[in-house]
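The analysis underlying the following values was restricted to heavy atoms, covering all of them including side chains, and did not include hydrogens, waters or symmetry mates. Just so you know, ligand 1 is whichever comes first in the structure, and atom 1 is the first atom listed for that ligand.
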Amino acid sequence: MKEYPKTLIDRLEKRNNSQPLFIQAVNEVFESLEPIIGENPDIETYSILERISEPERQIMFRVCWMDDNGKIQVNRGYRVGFSSVLGPYKGGLRFHPTVRLDVIKFLAFEQIFKNSLTGLAIGGGKGGSDFNPKGKSDNEIMRFCQAFMTELYHFLGENTDVPAGDIGVGSREIGYLFGQYKRLTKRFEQGVLTGKQVGLGGSLVRKEATGFGAVYFAEEMLKRKKDSVKGKTCVVSGSGNVALYCARKLEDLGATVVAMSDSSGSIHDPNGVDLDLVRSIKEVDRARIDTYAPHKPGSKFFPDKKVWQFKCDLAFPCATQNELDGDEVKTLIDNGCLGVIEGANMPTTPEAVGVLQEKGLLFAPGKAANAGGVAVSALEMQQNASLQSWSFKEVDSRLQEIMAAIHHDCVHWAEKYRRPNDYVFGANVAGFLRIADGVKAYGVI
Ligand code: NDP
Ligand code: 2IT
C-alpha cells in the first residue's frame, strides 16, 4: 500500500484498536483507492481520507425497558453519523446481540460509499442495539422500540438523520419507532424513518428492494458476459428480508434456489425451495428454519451447516458479515460456482474475496449489489416529501434503473483502470470520487 493510506491505516488501528470490522472495511476501500491517490494529489492535500474515515458523530446511549416479567432490562443503543457530505445520515438500525460500536462503525462506513453509488442525496449512517429480539413478545419489542426512540429522537430529523431497518428491524419495529417519534415530537414527520408500512407512508417495493436489487445487479453482470440468471442453480444464505426477496426474484427470473439458512443451519431442497413456506416460517411465525423439512418431502435440514457446501452456479450471501470464508469459497469453486453476489454487508472475508478474484469468478461487493434497499428508502423520502405514493411498477422500474446505473459506474471505473472484472475497485472508486468532490467543495468543516 502507498505511504499515505498506509500511515493512515496504522493510525486508525491505534485509535480504534478493538474495532477489527471497521478496520477491515476501511482497508478494503483504501486499497482500491491506491491508483487514484497517486494521480490526485488533492486527496492528500485536502486530508480527504482522514476526514472520511472519522465519523462526524457517534452517539451511544442506555436503553432501559421492562420485560413481561416486570424485570428492568438494560441495553446499549448506538447511532453513528459517519458522513453528511451528500445528504442527511441514512442507514439502517440493527438489533442483534452481537452489535457493538465496531459493527455499527463498519456498517456506517460502508453505507457512505453505497449511498454515494445510488446517485441520490443521502449521507452515510448506521445504528442499532445489542438487544436480542429472539423470543421476545410483541409487547416487549414495542417497549424496547419506544425506549430506544425516547433516547434517539433528539438526533433525528428528515434533513438530519433518517434510520431504516437492518437485521432484526423490519416494518413492525419501524412502526413502533415512528409511533414513539410522533408521540414525542407531536409532529407527523413521515420522512424521518423509512421502511414504514405502506399505509403509514412506506414505499411499495421497499420490503423487496434489497433482494430484488441484488438480483438485478447479478443480471447486469451476467448480461455483460452474454449470460443470464435464467436456468441457474443458486444458494442464498439467510432467510430474512434480504434473503427471501433475493430468492423470490431469482425464482421469478427462472433460476432455482436450492438452499437457504438461518443461524441454526441450512435447508437443502434440490427441487427448489418453497419460498411461501420459508416466508411463513420466518416472516410470519418468526420460527426456525429447521421446521421447513418436515413440511417438504425431498428436502433436508443440516444443523449448524452453511449453504456453501451445496453445488450451485451462483451464491448470494444474504445473512451477515464474514459468513463466507476462503475455504468455503474454494468449496464453491470446486463445485463449479460462477459467481458470488453480496446481498449482506461485507459477508465475504478479505481472504475469500482474494480467492474469487484470483480464480476470475464474478464477484459483486455488497456496497454495489445491495444498494437497492437504501435507494428505495431514498425514493420513500422523495414520496413523503412530495405527499405522493408511487405504484409498485413505478418504484420497481426506478430500482432497476438505479441498479443498472450502479453497475455501469462500477464497470466504467474498472475498465478505465484496466481491471475490467474488478467490481470491488469500480464500486469503491465510483463511490469515493463523488464524496471526495463534496468534501473539498465544503472547505474545512
Ligand atoms: P433479517 O433480520 O431480516 O435476517 C437476517 C438473516 O441472517 C436471518 O436469517 C438470520 O438468522 C441470519 N443471521 C443474522 N445474523 C447472523 C449471524 N450472526 N450468524 C448467522 N446467521 C445470521 O436481516 P436482513 O435480511 O435485513 O439483513 C441481512 C443482511 O443484509 C445484513 O448484512 C444487512 O446489513 C444487509 N442489508 C440489509 C438491508 C435491508 O434493507 N434490510 C439493506 C442492505 C443490506 P436468524 O433468523 O437465525 O437470526
Ligand atoms: O445496509 C443497508 O443499506 C440497510 N440496512 C438499508 C438502509 C436504509 O436506510 O434503507
Checklist entry - Parallel under 30°, tilted from 30 to 60°, perpendicular over 60°: which one fits the rings of F212 and Y216? => result perpendicular
Checklist entry - When the ring planes of F82 and F22 are compared, do they come out parallel, tilted or perpendicular, using 30° and 60° as the limits? => result tilted
Determine whether any heavy atom of [X] lies closer than 4.0 Å to an atom of ligand 1.
X	answer
R206	yes
E323	no
T98	no

Using a strict cut-off of 4.0 Å, indicate which atoms of ligand 1 neighbour a heavy atom of [X].
X	answer
C318	28 (C), 29 (C)
G168	2 (O)
K134	45 (P), 47 (O), 48 (O)
R94	31 (C), 32 (O), 33 (C), 34 (O)

Kindly identify the option in [options] whose heavy atom sits closest to [atom].
atom	options	value
atom 12 (C) of ligand 1	A319, S237, G213	A319
atom 22 (C) of ligand 1	A371, P347, A344, S263	S263
atom 33 (C) of ligand 1	L93, V236, D166	D166
atom 9 (O) of ligand 1	G373, A287, S239, C246	S239

Checking contacts here: is it the side chain or the backbone of [X] that comes within 4.0 Å of ligand 1, counting heavy atoms only? Could be both or neither.
X	result
Q321	neither
D262	both
R288	side chain

Checklist entry - So among D290, D276, D262, which one has a salt bridge (Lys or Arg N to Asp or Glu O under 4.0 Å) with K282? => result D262
Checklist entry - Under the ring-ring contact (aromatic ring centres under 6.0 Å, His included) test, which residues partner H268, sequence neighbours left out? => result F310
Checklist entry - Do we get K182 above F188's six-membered ring, with its NZ or CZ under 6.0 Å from the centre and within 45° of the axis? => result no
Item to check | Salt bridge flag under 4.0 Å for residues K196 and E380 | outcome: yes
Item to check | Neighbour list for ligand 2 [protein residues, heavy atom under 4.0 Å] | outcome: K90, G91, G92, Q111, K114, K126, A164, G165, D166, R206, N345, G373, V374, S377
Checklist entry - What residue and heavy atom of the protein are closest to atom 17 (C) of ligand 1, and at what distance? => result T320 CG2, 3.6 Å
Next on the checklist: side chain to side chain donor-acceptor pair (under 3.5 Å) for N428 and E28? Distances and angles first, verdict last.
Outcome noted: CA-CA 9 Å; N428 285 332; E28 187 219 86; 3.0 Å; yes
